[in-house]
Trainee: 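Shown below is the structure under consideration.
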Amino acid sequence: MKDLLSRLLRQPAGIAGATMLAFILLVAVGAHWLYPGDPWSMVADPNLPPLSPGYPFGTDMLGRDVAAGVAHGARVSLLIGFVATLVAVSVGTVLGAVAGYHGGWVDDTIMRFTEIFQTIPGFLLALLMVAIFGPSMYSIVGAIGVISWPSVARLVRAEFLSLRTRDFVKAAVLGGQSDLRIVFRQILPNTLSPIVVAASLMMATAILLESAISFLGLGDRSMISWGFMIGAGRTTLLQSWWLSAIPGAAIFVTVLGLNFLGDALNHALSPRRRGHA
């Protein structure tokens, strides 16, 4: 772990990504201390511009503090992105591991099932699921997880197909180890590098998907998020540009940081590049 951190921080992309994400995470964790109270509360005159006294990001058309919304919205957007990614990676890893390790009809069945989800436009499927089950954090997480796991399953399957023929796996089979032990102790640890890289990039996609869903009015109305703030401010974009621009900038910084970190992880974890790091 210390060696990985050292290689990661020797790369400009890794430093930039870690710095961006650390700042966003600190704002999300400290939102209740930075801006105590309800971010939905009307606290000042409406449509105050940025850098107004006491309101660095201004206020919206109802007099709500935009900075408070951005800070509290960071918690929602990051939480949904993280949990949705965790769901997708968990489901995709299990199905991909089973398909890649067993092969044959098991592999064919799981891959045909995976292709069903990949033939449907992902964003439309997510919107349909949220509309059916009702706008809530749970339905959004579930919808993003459902459309995201197939790519993880294919990645893990490919890794398992490659690794199951290696000598150390054959030795484990000859040694009488169970299939479950071989999968979790021998093969899966050797597939963690591409899974970690894919998860970092998938979280960025999940945050963008949540923002798009909330922008269209299907977000959880009990929780403020960056996507909801952009959607709420679009009707007054010409007069009050900051209502959409500032939460949009927060999304941009977060997604850019995750992409930087994903690229740096890919470089640090790649065996071919490890000698050059």
Side-chain angles (χ1 to χ4, degrees), residues 1-35 39 50 56-57 66-89 123 137 140-141 144-145 147-148 151-152 155 192-215 219 223-231 233 242-270 273 277:
M1 178 61 71
K2 188 179 293 185
D3 185 43
L4 171 62
L5 186 61
S6 175
R7 292 197 304 269
L8 192 63
L9 294 180
R10 280 203 297 265
Q11 302 173 63
I15 297 173
T19 302
M20 291 178 182
L21 293 177
F23 174 74
I24 296 295
L25 189 60
L26 284 174
V27 171
V29 171
H32 278 303
W33 288 277
L34 291 171
Y35 298 98
F57 291 165
V66 175
V70 169
H72 286 267
R75 304 179 66 186
V76 176
S77 296
L78 290 177
L79 181 62
I80 289 178
F82 176 77
V83 176
T85 300
L86 185 63
V87 170
V89 169
F123 184 61
M137 180 179 288
I140 294 172
V141 167
I144 296 174
I147 68 174
S148 301
S151 60
V152 180
L155 172 66
L192 288 180
S193 296
I195 292 175
V196 169
V197 173
S200 65
L201 300 176
M202 186 176 294
M203 184 172 174
T205 303
I207 291 173
L208 289 174
L209 285 170
E210 184 278 329
S211 300
I213 291 171
S214 298
F215 176 83
M223 296 182 177
I224 195 166
S225 71
W226 292 334
F228 173 83
M229 294 179 69
I230 295 173
W242 60 91
L243 301 183
S244 295
I246 291 176
I251 295 173
F252 173 78
V253 171
T254 304
V255 172
L256 187 63
L258 285 167
N259 279 279
F260 279 162
L261 192 61
D263 289 341
L265 281 170
N266 185 39
H267 192 282
L269 293 171
S270 174
R273 298 176 178 175

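Heads up: numbering here begins at 1 and tracks the sequence.
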Trainee: To check you understand the geometry: which heavy-atom pair defines the closest contact between Gly14 and Leu261, and what is its length?
Mentor: O-CD1, 4.3 Å
Trainee: Any side-chain heavy atom of Ile251 sitting closer than 4.5 Å to one from Ile230?
Mentor: yes
Trainee: Whether the side chain of Ser148 engages the backbone of Gly145 through a donor-acceptor N/O pair (distance < 3.5 Å, no angle test) should be reported.
Mentor: no
Trainee: Is a donor on one side and an acceptor on the other found under 3.5 Å between the side chain of His72 and the backbone of Ala67?
Mentor: no
Trainee: Atom CG of Leu78 and atom OG1 of Thr254: how far apart are they, to the nearest 0.5 Å?
Mentor: 6.0 Å
Trainee: If I take atom CG from residue Leu243 and atom CZ from residue Phe57, how far apart are they, to the nearest 0.5 angstrom?
Mentor: 12.5 Å
Trainee: Considering non-hydrogen atoms only, spot the tightest contact between Ala250 and Val70 and give its length.
Mentor: CB-CG1, 4.3 Å
Trainee: Please report the shortest heavy-atom distance between Val253 and Met20, naming the atom on each side.
Mentor: O-SD, 3.7 Å
Trainee: Taking Ser211's backbone N and O only, do any of them form a donor-acceptor pair with Trp226's side chain (distance below 3.5 Å, no angle check)?
Mentor: no
Trainee: Is the shortest heavy-atom distance from the side chain of Phe228 to the side chain of Val76 under 4.5 Å?
Mentor: no
Trainee: Under 3.5 Å, is there a donor-acceptor pair between the side chain of Ser214 and the main chain of Gly227?
Mentor: no
Trainee: Just verifying a value: how many Å separate Phe82 CZ and Leu25 CG, rounded to the nearest 0.5 Å?
Mentor: 10.5 Å
Trainee: Compare all side-chain heavy atoms of Met137 with those of Leu79 and state whether any distance is below 4.5 angstrom.
Mentor: yes
Trainee: How long is the gap from CE on Met202 to CG on Leu209, to the nearest 0.5 Å?
Mentor: 10.5 Å
Trainee: Considering non-hydrogen atoms only, spot the tightest contact between Leu155 and Ala198 and give its length.
Mentor: CD2-CB, 3.8 Å
Trainee: Supply the atom-to-atom distance Leu26 CG to Leu34 CG, rounded to the nearest 0.5 angstrom.
Mentor: 9.5 Å
Trainee: Please report the shortest heavy-atom distance between Phe260 and Ala16, naming the atom on each side.
Mentor: CD1-CB, 3.9 Å
Trainee: For the residue pair Ala199 and Val89, what are the closest heavy atoms and their distance?
Mentor: CB-CG2, 3.9 Å
Trainee: Measure the CD1-CD1 distance between Ile80 and Ile144 for me, rounded to the nearest 0.5 Å.
Mentor: 6.5 Å
Trainee: Answer yes or no: is there a side-chain heavy-atom contact under 4.5 Å between Glu210 and Ser77?
Mentor: yes
